[in-house]
Amino acid sequence: MRFDRSDGVFCHVTSLPGAYGIGDLGEGAREFLSFLGDADVDHWQICPIGPTIAAAGESPYQSPSAFAGNPLFVDPEGLVEDGWLDQGDLEPVPDFPADRVDYDAVREYKLPLLRTAFERFEERATEADRAAIDEFREREPWLADYALFRALSDARPEDVWTEWPEPLRTRDPEALTDARDEHAREVRFREFVQWTFDRQWRDLRAVAAEEGVSIVGDVPIYVALDSADVWASPEAFRLDEGNRPTAVAGVPPNAGDTGQRWGNPLYDWERLAESGYDWWLDRFRRLFELADVARLDHFLGFVNYWAIPADSDDPADGEWRDGPGRDLFETVERELGEAPFIAEDLGFEDPAMDELMAEFGFPGMRVPQYADWCAEGDEYQPMHYGEGVVGYTSTHDTDTWAGYFEDLPAEQRDCFRYNVGSDPDEPSEWAIIDAVWGSDAILAVTTVQDLLGLGSESRFNEPGTLDGNWEWRVTRDALDDAIADRLWELAGKHVR
């Protein structure tokens with residue numbers, strides 16, 4: 001097993017408190033880490049931290065880059081400390097809502113600040129500053145293509161890159177050279193923002209280490225079609241001669257549904273194997289620059305995956321194909337060492353997947369909201385969790401525990417109380433936290449919403465919908481000492 005018996009709290013960066021409309025890498029994040037340190041919590045779990053776009057509903061799982069950081073996370077106060085902004089540049093701060101993110105308002109406020117900071121950098125940067133950003137460019141080989149991709153996307157906001165003129169779409173070297181010259185200043189701006197994000201994130205990670213908190217990052221198995229990843233590395237994906245997908249990801253129909261067509265391009269696993277999985281190694285290297293542990297979303301896709309012809313809208317037209325399986329993870333371990341992965345295996349039963357997880361010691365996930373509380377031996381009841389799993393009270397994709405419990409039929413509620421041995425007068429959210437912490441699961445994780453006993457109005461994401469997701473935020477005064485003390489006591493009680 002790659003983990004010690006420990007605990008964690010999920011709270012995406014966007015949900016952190018702060019004065020500038022969205023959680024960022026500044027004071028609110030440091031205060032949250034201090035709360036986790038006081039509570040003796042071992043892990044801070046987050047969603048992917050890449051840029052988000054309005055057209056994808058701000059989903060961190062549909063980012064234009066698997067390598068870049070979200071510019072909206074840059075702390076304006078940090079730019080003042082660096083000398084690229086004056087304190088007066090931050091005024092007036094809009095009257096942002098404290099409990100949710102208004103993404104349009106945040107962009108309207110923050111992006112001009114980033115532009116101003118870049119202009120000041122261009123004017124005032126010392127030789128040491130310029131050497132530092134040059135070192136960042138050299139260290140991060142994805143940066144040049146990402147910055148150019150975003151510059152070209154801004155110049156053609158109505159098009160995805162698969163509709164760009166052919167020389168740019170197929171990466172003709174002369175066309176790329178001309179584009180870099182034409183958009184040189186915008187490319188430098190995008191590089192400056194990523195350099196700033198990287199420095200602020202590394203500073204925050206150092207604070208986490210001082211508090212004894214490791215960061216659990218998130219790796220969506222698939223990347224967005226309209227991303228620098230696919231455009232810059234077409235050889236890693238199943239594309240035709242014009243660099244358009246030949247097949248896309250999804251899941252097949254099951255009893256009661258018609259399946260799902262996600263639309264993400266699929267990997268050319270055979271070609272990736274021939275290259276030693278270089279694209280995936282680069283992705284994991286970048287991830288472990290930013291996080292200590294990684295959750296692998298849709299882990300089944302590494303074993304076998306559903307491929308739907310790109311010209312079909314019907315998931316039933318797809319077929320199962322073999323993924324890389326153990327070959328990929330043997331390569332990762334050989335090149336990067338023992339990788340601390342958590343496998344998201346929810347909703348799928350596959351012996352080959354279970355064997356792969358067992359072989360490499362990757363714990364799966366258990367979420368009690370999937371339990372039948374009146375069924376004996378249900379695997380989602382915490383008392384039946386094995387050591388090789390991560391137990392959650394809820395996740396970013398489920399309802400909050402209180403919202404779930406409110407809709408639970410009375411018989412199921414009674415069975416829950418009986419199974420976890422809780423007092424009917426005890427808040428159900430603390431009963432489930434106690435049950436998950438007391439289980440055999442190697443890691444026990446809850447969400448900030450569950451710590452606060454919040455209902456469905458505070459749900460973070462509802463899969464299959466676009467509006468109203470990824471907006472919830474915690475306020476500064478919500479996470480008080482009493483909650484930290486109670487978590488600290490649970491860690492001692494259950495030896496986490």
Side-chain angles (χ1 to χ4, degrees), residues 12-15 21-24 47-74 100-112 114-115 142 145-165 168-169 179 183 186-187 189-190 193-194 197 218-234 237 239 243-245 248-250 260-266 297-298 308 310-311 313 315 396-397 459-473:
H12 190 39
V13 178
T14 55
S15 296
I22 189 172
D24 60 30
C47 290
I49 56 175
T52 62
I53 57 174
E58 308 296 349
S59 171
Y61 295 88
Q62 291 291 333
S63 174
S65 175
F67 295 80
N70 192 332
L72 301 182
F73 294 171
V74 171
R100 69 177 185 87
V101 181
D102 181 339
Y103 284 94
D104 290 339
V106 169
R107 283 194 174 88
E108 186 176 344
Y109 174 72
K110 273 199 165 184
L111 295 186
L114 293 173
R115 295 278 177 185
W142 53 271
D145 279 323
Y146 165 77
L148 180 58
F149 175 84
R150 294 306 299 270
L152 292 170
S153 294
D154 280 356
R156 297 171 174 80
E158 70 282 358
D159 292 331
V160 299
W161 71 266
T162 53
E163 302 305 318
W164 290 354
L168 290 175
R169 186 177 74 247
H183 300 286
E186 182 67 16
V187 166
F189 167 69
R190 295 289 178 173
V193 171
Q194 289 305 311
F197 173 93
D218 200 320
V219 182
I221 183 172
Y222 296 120
V223 298
L225 171 61
D226 195 20
S227 67
D229 309 305
V230 186
W231 176 70
S233 301
F237 300 87
L239 309 179
N243 280 3
R244 295 187 174 97
V248 297
Q260 298 177 37
R261 184 188 187 277
W262 298 335
N264 306 78
L266 296 171
D297 196 43
H298 191 61
I308 304 167
D311 58 1
D313 293 326
H396 68 276
D397 275 342
R459 181 169 182 164
F460 195 45
N461 177 51
E462 187 170 356
T465 66
L466 279 179
D467 296 332
N469 295 318
W470 319 109
E471 293 182 357
W472 181 83
R473 296 182 70 197

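Since the structure is predicted, the reported quantities are computational estimates derived from the model, not experimental observations.
Annotation: the span from S153 atom OG to E158 atom CD amounts to 10.5 Å, rounded to 0.5 Å. We find the CH2-CG distance between W472 and N461 to be 14.0 Å, quoted to the nearest 0.5 Å. Atom CG of D145 is separated from atom CG of L152 by 10.0 Å, given to the nearest 0.5 angstrom. Remark: L168 CG to E163 CD distance equals 13.0 Å, nearest 0.5 Å. The CG atom of D226 lies 7.0 Å from the OG1 atom of T162; values are rounded to the nearest 0.5 Å.
Using a 4.5 Å heavy-atom threshold, the side chains of Y61 and H298 count as separate. The shortest side-chain heavy-atom distance between L111 and L72 falls under the 4.5 Å cut-off. Residues E58 and N469 are not in side-chain contact: their nearest non-hydrogen atoms beyond the backbone lie 4.5 Å or more apart. Residues I22 and T14 form a side-chain contact, since some pair of their non-hydrogen atoms from C-beta on lies under 4.5 Å apart. The shortest distance between side-chain heavy atoms of L148 and W231 falls below 4.5 Å. At least one side-chain heavy atom of Y222 sits under 4.5 Å from a side-chain heavy atom of W262. Contact check for R156 versus W161: no side-chain heavy atoms found under the 4.5 Å cut-off. The side-chain heavy atoms of P220 and P48, taken from C-beta on, include a pair separated by under 4.5 Å.
Ion pairing between D159 and R169 fails under the 4.0 Å rule for side-chain N and carboxylate O.
In this structure, I308 and G250 approach most closely via the heavy-atom pair CD1-CA, 4.0 Å. In terms of heavy atoms, P265 sits closest to V230 at CG-CG2, 3.7 Å. E186 and A151 make their closest contact through CG-CB, 3.6 Å (heavy atoms, listed as atom of the first residue, atom of the second, distance). Between L225 and P245, the shortest heavy-atom distance links the atoms CD1-CG, 3.6 Å. Among all heavy-atom pairs drawn from D218 and C47, the shortest one is CB-C, 3.9 Å. A310 and R261 get closest at one heavy-atom pair: O-NH2, 3.0 Å.
A distance below 6.0 Å separates the ring centres of F149 and W164.
Judged by distance alone, the side chain of S227 and the main-chain N or O of A224 form a donor-acceptor pair under 3.5 Å. Of the possible polar contacts, one joining the K110 side chain to the V74 backbone as a donor-acceptor pair under 3.5 Å is found. Under a 3.5 Å cut-off, the side chain of E471 and the backbone N or O of D102 do not form any donor-acceptor pair. Although no hydrogens or angles enter the test, the distance criterion places a donor-acceptor pair under 3.5 Å between the side chain of N264 and the main chain of V223. No donor-acceptor pair closer than 3.5 Å links the side chain of R190 to the backbone N or O of Y146. Within the 3.5 Å criterion, the main-chain N or O of P51 finds a donor-acceptor partner in the side chain of S63. Judged by distance alone, with hydrogens and angles left aside, the side-chain atoms of D229 form a donor-acceptor pair with the main-chain N or O of A66 at under 3.5 Å. In this structure, R150 contributes its side chain and V187 its backbone to no donor-acceptor pair below 3.5 Å.
A perpendicular orientation is assigned to the rings of W470 and F460, their planes being inclined by more than 60° (bins at 30° and 60°). Between F73 and H12, the ring planes are perpendicular. Angles over 60° get that label, and only those under 30° would be called parallel.
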> Where do V13 and I49 land on the side-chain contact (heavy atoms from CB on, under 4.5 Å) test, with the steps shown first?
Replying inline: CA-CA 8 Å; V13 178; I49 56 175; 4.2 Å; yes
